[in-house]
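Okay, so here's the structure we're looking at.
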Amino acid sequence: MIRIDHALCKKCGICVEICPKNALQLNRELKVIERKCTSCGLCELYCPDFALEVVRNG
Ligand code: SF4
Ligand code: SF4
């Protein structure tokens, strides 16, 4: 699963663009569609604000 720190997220949309599974949606706030996410870690890698964290056993 992906943990989002909404206080750090500035809604730039980079993670939404980079996600190969279209598992992220940005409306009023960023959301993860967990059933689409493969925990590949790209969003965590590309977020310039360290707002995303892949949680592998939680
Ligand atoms: S890349 Fe980071 S700051 Fe930008 S929308 Fe995604 S989580 Fe938020
Ligand atoms: S871990 Fe990968 S599949 Fe999941 S939301 Fe991030 S970029 Fe998308």
Side-chain angles (χ1 to χ4, degrees):
M1 65 171 280
I2 304 296
R3 188 176 295 150
I4 301 170
D5 187 332
H6 292 288
L8 290 178
C9 175
K10 62 172 190 256
K11 303 179 184 173
C12 67
I14 290 173
C15 59
V16 178
E17 294 295 317
I18 214 82
C19 176
K21 298 294 176 186
N22 284 322
L24 295 164
Q25 283 182 344
L26 186 56
N27 294 309
R28 267 184 233 162
E29 63 175 23
L30 186 68
K31 278 188 194 168
V32 187
I33 304 161
E34 294 287 353
R35 70 185 156 77
K36 289 189 174 181
C37 174
T38 57
S39 299
C40 71
L42 272 184
C43 56
E44 183 183 53
L45 200 64
Y46 277 84
C47 174
D49 295 278
F50 306 101
L52 295 170
E53 184 189 359
V54 178
V55 183
R56 287 205 163 74
N57 44 2

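Below, each value reflects all heavy atoms present in this structure, side chains not excepted, and no hydrogens, waters or symmetry copies.
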So CG of L42 and CD of E17: to nearest 0.5 Å the spacing works out to 13.0 Å
Once you round to the nearest 0.5 Å, how far does CD1 of I14 lie from OH of Y46?
10.5 Å
Taking side chain as C-beta onward, heavy atoms only, is [X] less than 4.5 Å from [Y]?
X: C37; Y: I2; result: yes
X: I33; Y: L24; result: no
X: C15; Y: E44; result: no

State whether the number of non-hydrogen atoms from other residues, nucleotides or ligands found under 6.0 Å of K36 atom NZ is greater than 12.
yes
Return the set of residues passing side-chain hydrogen bond (donor to acceptor under 3.5 Å, both in side chains) with K11 (not counting sequence neighbours), or none when no residue passes.
none
Looking only at heavy atoms, what is the nearest atom pair of K21 and T38, with distance?
CE-CG2, 3.8 Å
Please name the pair of heavy atoms, one in L30 and one in L52, separated by the smallest distance, quoted to 0.1 Å.
CD2-CD2, 3.9 Å
Checking the side chain of [X] only, and the main-chain atoms of [Y] only, is there a donor and an acceptor separated by less than 3.5 Å?
X: R56; Y: S39; answer: yes
X: N27; Y: E29; answer: no
X: E53; Y: R3; answer: no

Is L8 isolated, or which residues cluster with it under the ILVMFWY side-chain rule of less than 4.5 Å, directly or via members?
none
Within one Ile-Leu-Val-Met-Phe-Trp-Tyr cluster: V32 and V16, side-chain cutoff 4.5 Å:
yes
